[in-house]
Structure formats: C-alpha cells, structure tokens
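Note that ligands are numbered from 1 as they come in the structure, with each ligand's atoms numbered from 1 the same way.
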Amino acid sequence: MPAAKGFCSILDCCILEKILTISYGFLAQIKFVVNALLCAIHGPLIIFSPKFSLGLVMDTNSKEIKLILSLIGIIWNLGTCNAKFTPADNYLVNCGSTIDATIGQRLFAADNSQSIVLTSPQSIAARTTLNSVLGFDNAELYQTARIFTAPSSYSFNMKSNGRHFVRLHFFPFVYQSYDLANSKFKVSTEDVVLLDNFTLPSVSSPVVMEYSLNITRDMLILTFVPEGNSTSFVNAIEVVSVPDNLITDSAQRLGVGQYLGLAAQPFQTSYRINVGGPKVTAENDTLARTWFTDQSFFSTPTVAKEVTYPGKLNYQNGSASQDAAPDSVYNTARQLVVQRNSSSNMTWQFKVDSNSSYLIRFHFCDIVSKSAFLLYFDVYVDSWSAAKDLDLSTRGFGILAMPFYMDIVLPSSDPSGNLTVSIGPSSLPNTTPDGILNGLEIMKMNISSGSVYVVKPPSAAKKQLPIILGAVLGGIGAVIIVLVLCLFVRRKKKMKKPQTPLTSRPSSSWTPLSLNALSFLSTGTRTTSRTTYTSGTNSDTSYRIPFVVLQEATNHFDEQMVIGVGGFGKVYKAVLQDSTKVAVKRGNQKSHQGIREFRTEIELLSGLRHRHLVSLIGYCDEHNEMILVYEYMEKGTLKSHLYGGDHPPLSWKKRLEICIGAARGLHYLHTGFAKSIIHRDVKSANILLDENLMAKVSDFGLSKTGPEFDQTHVSTAVKGSFGYLDPEYYRRQKLTDKSDVYSFGVVLLEVICARPVIDPTLPRDMINLAEWAVKWQKRGELDQIVDKRIVGTIRPESLRKYGETVEKCLAEYGVERPTMGDVLWNLEFVLQLQEAGPDMSNIDSMNQISDLPSNAKRISSLEISTADESRTAMDYSEMSTSNAFSQLINTEGR
Ligand SMILES: *[C@@H]1O[C@H](CO)[C@@H](O)[C@H](O)[C@H]1NC(C)=O
Ligand SMILES: *[C@@H]1O[C@H](CO)[C@@H](O)[C@H](O)[C@H]1NC(C)=O
C-alpha cells in the first residue's frame, strides 16, 4: 500500500468519518478499517446518501480502485445490516373516530381526515364506552368502529410495491340498533379475499387479523361487504410496508423438494409466538408485530426449561436481521432438559384449518451453548422431519447467539386440524441430547377463497405529485449538503497539498465511477444468500487457522504428505496438535479463479453441516494463502475404490450404501436451504469415504446457489467435469439441480460398471460411459456390462430397479429427471430389493400384491446367470411384504 499520509490528514478523515457517522449511526466497530482505507485513497470520496445511493468520485489512474470498491462493499454492508427499516407506506387508521389515537409511538389517524379515502354509500361512526374496552392492549382503537350497511371501501395509495402487512382490528360492541357480534361479512382486495362469511367469535375481546400481501398495484382497495342482510364493520386498519426480504421465494417443502413462489403469495398469520419468553407487543417490534407467549400451546412442560440470555445478540449479514424478530424473541427460548442422559421431544400444538398449507418459520438463536458445534437437534412438524441434526453454530461460522430462522412449507395439514411442532434430540453419536426453540410463526397460505369484490373510489386522482416533488427537493437538498461538506474536505486538502512533492505522482483526472460498477457491487452483495457469508468481514476469526500451525501440521508442506492434486492446488494430509487428522487443501496463489472458488467454498461450507458432506474445519488466508482445512477422509475417493486403485472390489451392498450416502448429501444441498445449492461437479472423485466407507460429498468450489425467483434456472458459464456434464446444461447454459442429478446418474454407472466415464482407449462407441451404458440399459441388458467381479452377487430385481433409476437420471431433459430426493428413495429401494432374502418370509400377506406375478416374470426373464441359484423370481415372490412391498405399492401410486 503506497504511503499516502501527505494527502490525507487526520482532519480529512475525521470529517469523512462524521459524514459516515451521521449516515449510519455508528462507527466504532469499523473506525479502524475506514481510517486505514480513507487514508489510503488519494483523494476525496464523496458519498451521496439520500437513502443509500452511493456516488463516488475517484482517481481513474489510481491503483487503489480495489480499495475503494471494497470500502463501498463495507459501507454497503453496514448500510444494509444496520439501516433501520422505514416503511414507505405506513397507513394507520382509527376507524369511526374523529380524533387521532396515539398508541405507543404510532399515530392512528381518524378516518374522517383528509388523507383517508373512504368510499361508502352509507356508513355509521360507532362508539362504545371507555369502560368496555379498558384493559385491552390498544384500548383506544377499540372504542370506535365504522359500520357499513352496504359494500364500502378504504383505499390507500401505495408508494412502494412489494410486501405489506395489512392488519384489521375488530372489537364487536352494541351501538344503537347494531349488535356488531351479529355482523357477517367479506373483506377483499382487488386480488385476494381476506375474509369471507366472517363472524366474530363470541368472546368479547378484540380480534386482530394480520395478512402479509405482496402488493403490485398503485392502490390498495380494502372492500368490506356485508353478507346475509347484516352489516360489516372495522375498528382499525394498518397497511404498512415490510422489508421485501422478509419472505424469500423458496422454502423447504416437507416431504421432499423445495417450495417455490412464496414471494408472490398472500399469507395470513395464524400464530406468532415467543417461545419461553414474554409477550412482545407492537411497540417492541420493528414491524409492529405481536408475539404471544407459548404457554397455551406448549404441551410438554416437564421436558424443557425456559432460558434467557442477558448478552448481546450477534446479528450477522446474510442471516436473520433485526426485522426478522425482535431481540426479546431471540434472547429467550425453551431448552430440552437432559434426564439421565436422554430426553424426549418438546412439543407445541396448534389448531389449524385442516388440509390447508402453511409456511412455518422457526426462529433459532443458540443462546445456550458454551462453545460452537455442541448443539445438535432434530426438528419435526407433525410426524415429518423438518431438519435433522440441525447445528446452529455452523450456520454462523461458529458464531454463537446468532439469530437465524428456517422456513418450512407444510403442503397440507392434518385433516384433524392439529399441527404439531417438536424439537427432539439428535441421534448423532457423541452428542448430548439437547435442543432449543426461540420463536415460531405459522402463516396460512392459499388464503383466498370465493370471489373478490371491489368498491372503487370515485376518482383515482392521486395526491402523489406533491409527494414526488417533496422527495425530489429533499433529495437535492441532501446532495447539496453532502457536496458542501466535500468541498470543505477538498479545501482542507488543498491547504495541505503544497507540503507534498507534486512530482511524486502524475497529475490525476477525476471522473465519476461508472454506475455499472456500483450496481454490480450492490447486486454482488445482495445475492449473498441467507445461508452464506461474506468472508472476511463476518467470519469468526477463531475459525481461521494460523499459517504456522498448518506449516507444522504438514511438515512444511512436505511433498510426501500430498494425497491429491486438483485444479485448485495440492491436498496434503496433516495432523493437528490435538492429533486430529485433517486434509489441507492449499490453493495455487496465482489462480484468479482460485480466489473465487476459495470464497465460494468457505461461504458454502461454513453454512453446511451434514453427515454426508465433508466438513470444513477451518481456513487460512494469511500471506495471500488460500488454504482450506477439511476433515480427513481415511479411505480416499470412491473412484479409487472402483477402478485404477489397488483396493479390493467393494460389494454391491457397500456400493449401494455409498451411493445412498452421497445422494443424501446432494439432496440436502438441493433442499436444505432457502435457496438450493447446486454442486456442479458431482463425480466419483468428489465422493470421499471415511474409515467406515461412509460417503461424503466434497469439493464445493464450483457450487452455485440455485435460481432466483421467477427464474427456473441459473445461466452460467459451463463448468464441471467432462463425461459428467448434463447435455442440457452444456447446450443451453441452463443450470438446475437436475444437472447434478445427471452427473450423479453417471456416477451410478461408474459404480456398477467400474470403468472410467471417458476411456479413449476403447472402441469408439464405448468411449463415453453414459452413452454406451444407456444403450445396454434400454435393451434391458445392463447385466452384460456390470463389473465382472460382482455381477453374480446382484439380485436381478435390485439390478433392474437400479438400471431404471440410472436411466431416469440420464434423461435428455432436466424436467424428465427425478429429483435427488426421488433418486435417494429409489436407491434405498434397490438396496432393500438386494437385501430381501428368502429368510424374510411372510408369505401370508403375499396375495395382496396383485400385479406381482407379471413383475416377477419380467424379472426372471432379465436374469442371466446368477452365482446363487436360489436367487430366482420365486424368491422375489417370497420376500417380506413388510418393507419392500409397501414401497412397491407406493411407487405405483406415485
Ligand atoms: C418493551 O419496551 C419497553 C420500553 O421501550 C420496555 O420497558 C419493555 O421492557 C419492553 N418489553 C419487552 C418484552 O421487551
Ligand atoms: C420426536 O418426535 C418424532 C416425530 O413424531 C419421533 O419420530 C421421535 O422418535 C421423537 N423423539 C423422541 C426422543 O421422543
């Protein structure tokens, strides 16, 4: 870094610091960074800040462009993670009232005021006594109501499109001849029916209905329609913008796969609870949500205790923000109590609409662990597993007390109308039974039923011009202020300049940095998904391993310790001081692509922990090194066990178990996160085996997070390994998780044929394994090309199912291929078919399987010569119905 002290006085930095401080409220944490960077920049940095557009003037000749860019990156990060959210639309209406009501910090305007557009042929402003509402939260709102005897509407001009909370407050009381408890009505927008045939429950306390709507129109019209000769009414209305990222487009769907398209969905909040903590009212929530206590839902009080965390929470960019839930949700929880080294599930029960879909958001924050990587637990919804061996600390790169949430879509709730949420101990060996939950939101999807009804306001004349004008003028004002400040900075600088030899650098020209560069940067930071991290700024330094430690562990990167060489660099075996064996991957420092892959791998792996994914233990970026440290996989690559190595051949069962393990790992990558992660380089050399020959998927350097919403695929330069490449991806640069399925299909062929995917020494039609083997499979003769060493041990029905699975994976088009979850399921079935022997007889129930004989015939005709004569079609018919058959039936029914 060239010395630049002469150009940048302490005073300059202080002024710039002030600008930053004013803009972002705090600086202490980054003071050092900003000072260092500002002083390194040879000239003024101008920050226009009417709500975070950054303009920048810089020296085009300067080599410090990178520094400046990274500074913008930092500032952008600070801006996004700390700027308090101010809703663009914030309508609070006190209906039927002539005076505004102040509730905490919020002002509910009287609905006869200028700013409210009420369209109604006839409406009645009703009022009840103060006594009847005393004791309720927000009592003032419930003292008045607006009663409609005919369809009527409130309309609101929308300053911003996107997600909004719409809250309707109802408190039925008797006014003159109207008993509001008898009202029955519909409430609809132009797009969604919020309530239909709605009557209030007979309890005489206020009811608040909350909706989360993605509003795409310039105006929101809320129409109230009396139904069945009655009236409609409302006591108060809130229409408030919420951050768009509050609801991401995709979530894990229970069962299998991802649910896409959440961003546009309307939701109705069914439950929002602060687990193990106090009720949080609107005043204490940045988005004015109310969080109820969990007491009335929690059904297992004996197995849990309430915990409260007095410390500061570690909000991280890329994880839950302060708008996701208030501190008082994250710093309280219920924790499983360990009883005699075992524990049972903590369970909450909710009444829901039977057969409706729900979006369930689990709020977690590890406020109980003493150190990272100790807390593992399972999450269930009804009897489904929503997360297995969830480890909160890996989501945060080892940072504790980091707020984090997980979204799950329950496609269809139980017909009984019960929804059960449980937290249970992990079944992983060597973990203490434990588990926590901090908060829970249950949001009903597909709320709209019946037809919408709209009462349009008479004139859509908008009062928008003054607003726009105001905004523009305000913006200009802000720019002027900043410019003045900057001029001041430059003046100070000029006064200093003579002391510096002007000849030390060529005269410089100042040009505005192109907008493209800025927008590139902003998207760059924004695409950081929930599960990933911007390395460097957020990563916990304890996850960093000092270079000297690695030097020692690898015996100064001794060539003798090299266990692999890849495009990225060399991989060394190493032993850390506590005698853990690790694999140390040292990046080639000259490779630019390397840097990107290094980042990707740290970002991705830090958020991932799964028994079938190779874990990242740490990394080292000292002295421009790019070193990744993984758990050591004793038995090397799957490839080396199939061919080319000097290992004994793996049995068919073992091979299947390995494939199942790898499929599990990939399935988790595809579905375990808000955005699916595509591996992009699935091959037998990237499937590693531990000392028990358990498979783990490795090498995430090429990974991409899946499609953004309203796109079905990621377009990207083709990367991956020859012979494994999805033809569709290759031709159209269309990357989906089905590209991984294709590559995995090729691996399945390698596993059964035990030959390289590309072997140029073979005759032409045999060079490409995928093409060659699929031909055999299509002829029903896969058995002809099976690894000769094991061919006699494979049961024909197992082979048949395996062949079919491979063929589906290798389908020409992604849409025709199964999901990784289906592949996993099929492989498990293949294994069961292999395992089911004559000893597992349960012949009685056999006859229930009507189509079995024909199946059995097909299988026997496929059968060539099996070493074991007892493995015939008859055995198939004799095998247990218990497992394989029930699954067989399911397959047909799928
Ligand atoms: C809500 O805020 C008030 C004042 O800001 C505070 O006294 C109270 O403890 C807060 N309640 C919760 C549950 O955080
Ligand atoms: C927790 O609940 C799940 C789903 O109902 C069940 O499979 C699991 O066995 C339970 N765990 C314990 C420890 O009771």
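Nearest protein heavy-atom neighbour of atom 7 (O) of ligand 2: Tyr380 CE2, 4.2 Å. Looking only at heavy atoms of the protein, atom 13 (C) of ligand 2 is closest to Ser343 O, 3.6 Å.
The heavy-atom pair separating Asn418 from Lys351 by the smallest distance is OD1-NZ, 2.6 Å.
Checked against the 6.0 Å centroid threshold, Tyr358 and Phe350 do not count as a close aromatic pair.
For atom 9 (O) of ligand 2, the nearest protein heavy atom lies 4.0 Å away or farther.
You'll find the side chain of Ile367 reaches within 4.5 Å of the side chain of Asn438, heavy atoms only.
When the options Thr420, Val303, Asn345 are ranked by their closest heavy atom to atom 6 (C) of ligand 2, first place goes to Asn345.
The aromatic rings of His363 and Tyr330 lie perpendicular to each other, with more than 60° between the two planes, well past the 30° mark.
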